[in-house]
Amino acid sequence: MSAEDSGVTDSVIDMIVPPRAKDLGGFQVRRLLPFAKRRMVGPWIFFDHMGPVDFAPGAGSNVRPHPHINLATVTYLFEGAILHRDSVGSVATIVPGDINLMVAGRGIVHSEREVPETLDQPRRMHGLQLWLALPEADEETDPVFFHYDSADLPKTEVASVPVRVMMGQAFGVTSPVKTYSPTLYAEAALTAGQTLDLPEGVDEMAVYVAAGTVSVDGVPVDEFHMAILKRGATAALTATTDARIAIIGGEGMNERHIYWNFISSRPERIEQAKADWKAGRFPKVPGDEIEFIPLPEN
């Protein structure tokens, strides 16, 4: 949907991306990126909104070991907990407000499981999973995992609107989370009628409405939709109901190729990764060595 489709011309909005339901086995996600008409926003190439989904005791989400190359995954929870393990030996439980940053580089394997201590309890899972394309010079960097506690991520208020900056610099604060190129990831919670001026000086930027409804430059943006701004633009966002938003963006990148969990600037690198996973040449995840997700055949 374009801004013109929304009945507003001369808008700073380039397009509005609707959610697409994807079944991940046991629960659905809403996928916003990649989109047919817009595959990336800055370095961000993948954006899933998980849940909210309620699990009965004994049930849950268990994502078996699977590989990544040439990207970094970013996991952020609103509710619930996930036990992360990977092939560089990392073991970390992420809870709401924390950031898990997993840099795949030349190749990593990880699993995302239920926390054993809470498996016998009813639980809710709700959060965002995002992928960053690494700059070409860093695509084959050594894999590494970073965990950042919620208390270490800066909070501020802008015109009485509470804001958190998870990655990059905005609203006068800077996140400690490692970045490989100019990158922005922030969130804000607005009450109905509040207005927030979006950050200036961001090459490419989008706003995702995780809850509620807003207007951006006068264009209505519904819940679970993403408004992508024109390059270099900024705007004022107004909440038409109580709303929770995520702001993503950063410096634009050259085209990336994507197949399953593999992203690269080079299509031949993806073919190599496919062959390596099929042949079992990726490293194992300590403590989770038995199961794995097979390579999709299409």
Would you sort out whether Asp98 and Tyr148 count as a side-chain contact (heavy atoms from CB on, under 4.5 Å), showing the intermediate values? CA-CA 6 Å; Asp98 294 353; Tyr148 298 87; over 6 Å; no
Under 30°, 30 to 60°, or over 60°: which ring-plane class applies to His84 and Phe145, parallel, tilted or perpendicular? parallel
Looking at side-chain heavy atoms only, is the closest gap between Thr73 and His68 below 4.5 Å? yes
When you measure from the side chain of Ser90 to the backbone N and O of Val88, does any donor-acceptor pair fall under 3.5 Å? no
Who are the salt bridge (charged side-chain N to carboxylate O under 4.0 Å, His left out) partners of Arg39, not counting sequence neighbours? none
Using a distance-only test with no angle check, is there a side-chain donor-acceptor pair under 3.5 angstrom linking Thr240 and Ser215? no
Residues forming a side chain to side chain donor-acceptor pair (under 3.5 Å) with Asp149, sequence neighbours excluded: His147
Audit row: Asp197, Thr234, side-chain contact (heavy atoms from CB on, under 4.5 Å) steps and yes/no: CA-CA 8 Å; Asp197 289 332; Thr234 189; over 6 Å; no
Check whether any side-chain heavy atom of Ile16 lies under 4.5 Å from a side-chain heavy atom of Ile228, and answer yes or no. no
Does any non-hydrogen side-chain atom of Lys178 lie less than 4.5 Å from one of Leu101? yes
Keeping Glu255 on the side-chain end and Ser265 on the backbone end, is there a donor-acceptor pair under 3.5 Å? no
What do the steps show when you test Val17 against His225 for side-chain contact (heavy atoms from CB on, under 4.5 Å), and what is the final call? CA-CA 6 Å; Val17 178; His225 287 61; over 6 Å; no
For the pair Ile245 and Val214, evaluate side-chain contact (heavy atoms from CB on, under 4.5 Å) and give the outcome as yes or no after the intermediate values. CA-CA 9 Å; Ile245 64 163; Val214 306; 4.1 Å; yes
Ring centers of His49, Tyr208 separated by less than 6.0 Å: yes
Asp54 side chain vs Arg124 backbone, donor-acceptor pair below 3.5 Å: no
I'd like to know if the side chain of Glu223 and the backbone of Gly212 have a donor-acceptor N/O pair within less than 3.5 Å. yes
The salt bridge (charged side-chain N to carboxylate O under 4.0 Å, His left out) partner of Asp14 among Arg38, Lys37, Lys230, Arg231 is Arg38
By salt bridge (charged side-chain N to carboxylate O under 4.0 Å, His left out), which residues pair with Arg266, not counting sequence neighbours? Glu139, Glu140
Indicate yes or no: does Asp142 engage Arg106 in a salt bridge with an N to O separation below 4.0 Å. yes
Measuring only between side-chain heavy atoms, which start at C-beta, is Leu229 closer than 4.5 Å to Leu198? yes
So if I apply the side-chain hydrogen bond (donor to acceptor under 3.5 Å, both in side chains) rule between Asp288 and each of Arg64, Arg113, His110, which one comes out positive? Arg113
Taking side chain to side chain donor-acceptor pair (under 3.5 Å) as the definition, give me every residue that meets it alongside Ser150, ordered by chain and number, with sequence neighbours left out. Arg164
Determine whether the side chains of Tyr76 and Gln129 contain a donor N or O and an acceptor N or O closer than 3.5 Å. no
Could you tell me whether Lys274 sits above the aromatic face of Tyr259, with NZ or CZ closer than 6.0 angstrom to the six-membered ring centre and within 45 degrees of the axis? yes
Do you reckon Val177 sits in the same ILVMFWY cluster as Leu130, going by side-chain contacts under 4.5 Å, direct or chained? yes
Is it true that His66 and Trp277 have ring centroids separated by less than 6.0 Å? no
Kindly write out the residues that satisfy side chain to side chain donor-acceptor pair (under 3.5 Å) with Gln121, not counting sequence neighbours, or none if the list is empty. none
Output for pair (Leu132 CG, Met40 CE), nearest 0.5 Å, gives 8.5 Å
Applying a strict under-4.5 Å side-chain criterion to I, L, V, M, F, W and Y, I'd like to know whether Trp44 and Ile258 cluster together. no
Could you list who else is in Val91's hydrophobic cluster, with ILVMFWY side chains joined at under 4.5 Å, directly or through other members? Leu83, Val115
Exercise: do Thr75 and Asn100 side chains pair donor with acceptor under 3.5 Å: no
Spell out, as yes or no, whether a donor-acceptor pair under 3.5 Å connects the side chain of Arg30 to the backbone of Gly51. yes
Test Val202 against every option in Met205, Glu200, Glu204 by the side-chain contact (heavy atoms from CB on, under 4.5 Å) rule and name the one that passes. Met205
